[in-house]
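Beneath this line is the structure, given in structure tokens, with notes to follow.
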Amino acid sequence: MTLIKSISGIRGTIGGPTGDTLNPLDIVKFTTAYATFIRKQGVKSNKIVVGRDARISGEMVRSVVCGTLMGTGYDVIDIGLATTPTTELAVRMSGADGGIIITASHNPRQWNALKLLNSEGEFLTAVDGAEVLEIAAKEDFNYAEVDTLGKYIRDDSFDERHVNSVLDLRLVDVEAIRKAHFKVCVDSINSVGGIILPKLLDRLGVEYRFLNGTPTGDFAHNPEPLEKNLSGIMDEMKTGSYDLGIVVDPDVDRLAFICEDGTMFGEEYTLVSVADYVLSEDSATQPVTVSNLSSTRALRDVTERHGGKYFAAAVGEVNVTTKMKEVGAIIGGEGNGGVIYPESHYGRDALVGIALFLSSLAHKGCRVSELRGMFPNYQIAKNRIDLTPGTDVDAILNKVKKMFEGDSSATVNDIDGVKIDFPDRWVHLRKSNTEPIIRVYSEASTMAAADELGKKLMKVVYDMKD
């Protein structure tokens, strides 16, 4: 497996030949490149925050990252086992110059990664990320003299500070949640959710049982929070003992819910349901929401139902947050269960999503399955077109775009690949940054109709190739 270098950091598997995986040499090089970039932005505190999920390789990677940052002259605030949103908040709360999150998110146990933050605790922009990659490629950096080496600071206070910040949010109704006496089952996939979520749920007066709650990093199942990986908690929910099932990924920025009867609420509907609550409580004259182009149309429908306006962004968290700032969105995120609530911070945060969802459920006084029935019902089909290396994907997508530009029944968006919107369905084709493939996502009122639309566009592409 080749090391994957992107504007958001580096990612790879642990072990194997040098240069083919995420190894200490590459960790040193890219950490140094990042520190060099951050120093060029201007030093505020000379501190960089480091947090990690519970992956088996996390301690090794953390040691290399912290030592390298100290070698560049930066003081390190090590917050230990921490969620991605906790680390993001820690950068802001500590006034640090940046932060590094050691996590491969939903990838399997053998993976790890470095995710890079700016001084606002937000992911680097494409331009900034490209500069870090350029510095690393040129190895254009120096290390500190012995008298100016950085210091190591351990600070375990940020879980509590994160929870406090969630409870202080204007639309988190702690009293209503406590009075509802919710009982939930949580799958925290043997990572940091098992550390921080009990603290949140205790403060909210929620009774809970955890599955895979010990943060060993030895994941009990594939850690991506999709239905095919969640049979354990779905079976537990079918016992009828709980009001809600909660699932997070290893770094707790993605969130999925399971209904009281053991059926999936739908990962796409995490953001939809939370946004519906925020929109119903917000006093803005015309509230604005944002999600990426590959997310469900239900967010647009719900936003317009509340008299608001919806905008689409290119896929990727930094693209969503950039669009949210541009249009003044009160909530946004991604259909993979990522809730971004600016009153907290510009980052996907499962703790915020849980607290707002429970507030909504307490106010409505209904079952989770009943809440799901209040939203438009769409199904998304996900397909892919495998290409030979060297294929001009941009040329293919441009041809698809031109095919539909004269279609009065379709709206074409090309900010990220090509998305073709029809009155009752859509299809989105976009190239992968790491593989020779085109991802084909399509949505309609039924899975059969969505898959049919996706396959129709796939045939168009295959015919072009022939």
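One is the number of the first residue; the rest follow in order along the sequence.
Counted by atom type alone, T84 and T87 present zero donor-acceptor pairs between their side chains at under 3.5 Å. Counted by atom type alone, T411 and D421 present zero donor-acceptor pairs between their side chains at under 3.5 Å. Between the side chains of N292 and S294, not a single donor N or O lies within less than 3.5 Å of an accepting N or O. Donor-acceptor pairing under 3.5 Å is recorded for the side chains of H162 and D349.
In terms of the side chain to side chain contact (heavy atoms under 4.5 Å, CB included) criterion, S408 has no residue partners (sequence neighbours excluded). With sequence neighbours excluded, the residues that form a side chain to side chain contact (heavy atoms under 4.5 Å, CB included) with K431 are V393, D394. Qualifying side chain to side chain contact (heavy atoms under 4.5 Å, CB included) partners for I415, counting only residues two or more places apart in sequence or in other chains: L293, N413. A search for salt bridge (Lys or Arg N to Asp or Glu O under 4.0 Å) contacts involving K456 returns nothing, not counting sequence neighbours.
Considering D301, T446, T296 in turn, D301 is the only one that fulfils the side-chain hydrogen bond (donor to acceptor under 3.5 Å, both in side chains) rule with Y378.
Nearest heavy atom pair, residue A35 against residue T72, reads CB-OG1, 3.6 Å.
The ring-ring contact (aromatic ring centres under 6.0 Å, His included) analysis of residues 337-371, with sequence neighbours excluded, yields the pairs F257-F357, F265-F357, Y277-H363.
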Quiz: residues 307-314 side-chain donor-acceptor pairs under 3.5 angstrom, not counting sequence neighbours:
residue: Y310; atom: OH; partner: S291; partner atom: OG; Å: 2.7

